[in-house]
Enquirer: 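This is the structure, below, for whatever I ask next.
Throughout, protein chains are lettered first and strands after them, A, B, ... in sequence-line order, and every chain is numbered starting at 1.
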Number of protein chains: 2
Amino acid sequence: MARGTAERVLDEALTAFGTRGFAATSLDDLAGGVGVTKQAILYHFGSKEQLLEAVIDRSVAELVELYDGVARGTTTGLARVEAVVRTTFAVAARRPELLGLLRQVSRLGDPHTPRLARGMHDLLERACAHLVREMDEGRLRRHEPRLLLLTAYSAVMGVATEPEVMRAMGVEPSLKSMARARREMIVFLRAALTPVS
Amino acid sequence: MARGTAERVLDEALTAFGTRGFAATSLDDLAGGVGVTKQAILYHFGSKEQLLEAVIDRSVAELVELYDGVARGTTTGLARVEAVVRTTFAVAARRPELLGLLRQVSRLGDPHTPRLARGMHDLLERACAHLVREMDEGRLRRHEPRLLLLTAYSAVMGVATEPEVMRAMGVEPSLKSMARARREMIVFLRAALTPVS
DNA sequence: CCCTCTACTTACCAGTTGGTAAGGCGACGT
DNA sequence: ACGTCGCCTTACCAACTGGTAAGTAGAGGG
């Protein structure tokens with residue numbers, strides 16, 4: 001019991017909810033994966049819904065910390081945009097379930113999506129403020145910051161987390177092609193964001 | 001029985017699978033919505049999986065026909081890109097479940113995603129060939145066509161089909177804000193695709 | 001030695017799941 | 001009038017769902 005049952009349940013649930021989805025995952029599945037009984041999960045988390053909330057909270061905290069670190073560590077303008085994109089691709093490669101959970105939860109609706117949104121709100125506001133500042137100072141081409149963020153988020157998330165769609169396009173997902181997709185994404189964003197001089 | 005039970009089941013299943021998801025939808029739900037019993041569905045489609053396949057096939061056929069029409073009806077270069085984006089936003093507004101199904105099925109894996117991919121393959125190849133032609137003739141800035149398609153697909157799909165994410169960003173989804181998102185998306189794509197002269 | 005608390009397990013439950021078997025019923029051909 | 005065919009229903013079923021109740025093994029304190 002090195003890592004504690006509760007922690008291991010959270011890990012297993014994050015993976016399952018983020019890839020197969022919440023409805024498609026049963027408590028018995030999770031329990032089997034961890035090596036305990038379903039009732040051990042219910043002991044720690046009360047219900048399946050509360051387990052999901054715990055998974056969301058932990059994942060949001062991790063993502064917020066990660067991207068705050070990126071924002072602290074990098075410079076301005078396009079360099080920061082690039083750093084965020086690189087980080088997102090890195091997360092997609094190393095912990096795809098984290099981004100998958102965002103996808104899944106954003107489709108679940110009432111109690112859960114707002115919870116996620118609340119958790120991400122401050123981070124997104126900071127990102128928006130940063131974009132506006134950079135545009136004001138002429139280091140980024142002017143776009144509506146929220147819709148720009150949404151567009152870039154969608155594009156990066158899609159490319160980074162939908163290998164099936166890549167395969168459908170005739171691109172076999174691999175480390176090499178992901179790296180290429182990341183490069184192409186940065187070229188694309190640079191083309192759209194470089195200020196017209 | 002104006003439209004036939006089977007057709008109405010397909011409609012109901014498309015809506016449910018495309019919004020709530022395949023696993024989260026039971027045959028009893030569908031049957032209740034249509035006003036028949038679950039066994040009537042199984043009579044027509046054999047099993048839940050076969051029903052999903054029928055829904056996928058019909059939706060793919062509809063999308064292929066739609067986008068082929070757009071490709072036939074419009075000109076070249078950016079105008080065609082814009083027409084495709086406009087069409088996608090129109091579909092997202094009028095029949096969100098169609099795009100939702102794509103999303104959902106692309107996460108289901110083995111038998112279903114490849115089936116969707118096969119159905120879309122020819123359309124995507126034609127789109128790729130068109131992009132390459134336009135780039136060769138200098139009407140679009142050069143990008144890797146498949147990754148460009150994937151990027152644009154992800155961006156448009158994300159903005160068009162994830163109102164929850166919009167709400168999380170502080171943009172209340174409405175007809176007006178959707179139109180604005182569409183405009184901003186076209187500006188964004190134009191910025192990235194206008195050839196450097 | 002016993003009490004208590006944590007962290008589980010075994011036993012169970014009612015409701016729901018996808019799926020089968022058999023039968024009814026109206027239309028249609030003969 | 002009679003078969004039969006397409007379309008659907010009633011009646012089931014075993015497996016699984018999330019969740020409850022009760023009991024238990026072990027650690028730590030008094």
Enquirer: If I take atom NE2 in residue A/His44 and atom C1' in nucleotide D/dG19, what distance separates them, rounded to the nearest angstrom?
Expert: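 Going from A/His44 (NE2) to D/dG19 (C1'), I get 16 Å.
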
Enquirer: Set out, in order, the CA-CA distance, both residues' side-chain angles and the distance that settles salt bridge (Lys or Arg N to Asp or Glu O under 4.0 Å) for A/Arg58 and A/Glu7, then state yes or no.
Expert: CA-CA 10 Å; A/Arg58 204 186 57 159; A/Glu7 283 294 317; 3.2 Å; yes

Enquirer: Take the protein atom CG of B/Asp28 and the nucleotide atom C1' of D/dC12, then report the distance between them rounded to whole Å.
Expert: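 One finds 14 Å between C1' of D/dC12 and CG of B/Asp28, rounded.
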
Enquirer: If you check the A/Gln39 side chain, which of D/dA21, D/dT17, D/dC8 turns out closest?
Expert: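 It is D/dA21.
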
Enquirer: Which whole-number value in Å describes the distance from A/Asp29 CG to D/dT17 C1'?
Expert: 11 Å

Enquirer: Measuring from the side chain of B/Val36 (C-beta onward, heavy atoms only), which nucleotide among C/dT9, D/dT17, D/dT9 has the closest atom?
Expert: D/dT9

Enquirer: For atom CD of A/Glu65, is the number of surrounding heavy atoms from other residues, nucleotides or ligands below 6.0 Å larger than 12?
Expert: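 Count not over threshold, so no.
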
Enquirer: Got a salt bridge between A/Glu82 and A/Arg86, using NZ or NE/NH1/NH2 to carboxylate O under 4.0 Å?
Expert: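 Salt bridge flag = yes for A/Arg86 with A/Glu82.
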
Enquirer: Donor-acceptor pair under 3.5 Å: do we get one between A/Lys38's side chain and the base of D/dG18?
Expert: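 Looking at the base of D/dG18, it does pair with a donor or acceptor on the side chain of A/Lys38 (distance under 3.5 Å).
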
Enquirer: Can you tell me how far C1' of D/dT20 sits from CD1 of A/Ile41, to the nearest Å?
Expert: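 Distance, rounded to whole Å: 16 Å.
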
Enquirer: May I ask you to evaluate whether B/Ser26 reaches the phosphate of C/dT17, defined as a side-chain N or O under 4.0 Å from OP1 or OP2?
Expert: yes

Enquirer: In whole Å, I'd like the distance from the CD atom of A/Glu49 to the C1' atom of D/dT17.
Expert: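 From A/Glu49 CD to D/dT17 C1': 14 Å.
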
Enquirer: Using only side-chain N and O atoms of B/Thr37, determine if any of them is under 4.0 Å from OP1 or OP2 of D/dT9.
Expert: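 It does, given that an N or O in the side chain of B/Thr37 lies less than 4.0 Å from OP1 or OP2 of D/dT9.
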
Enquirer: Rounded to whole angstroms, how far apart are CD on B/Gln50 and C1' on C/dG19?
Expert: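 In whole Å, C/dG19 C1' lies 12 Å from B/Gln50 CD.
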
Enquirer: OP1 or OP2 of D/dC7 sitting under 4.0 Å from any side-chain N/O of B/Thr5?
Expert: no

Enquirer: Show your working on side-chain contact (heavy atoms from CB on, under 4.5 Å) between B/Leu147 and B/His143 and close with a plain yes or no.
Expert: CA-CA 8 Å; B/Leu147 294 178; B/His143 293 273; over 6 Å; no

Enquirer: Measure from OH on A/Tyr43 to P on C/dC5 and round the result to the nearest Å.
Expert: 12 Å

Enquirer: Just how far, in rounded Å, is C1' of D/dG18 from CG of A/Leu42?
Expert: 7 Å

Enquirer: Give a yes or no answer on whether the side chain of A/Glu184 reaches the backbone of B/Glu144 with a donor-acceptor pair at less than 3.5 Å.
Expert: yes

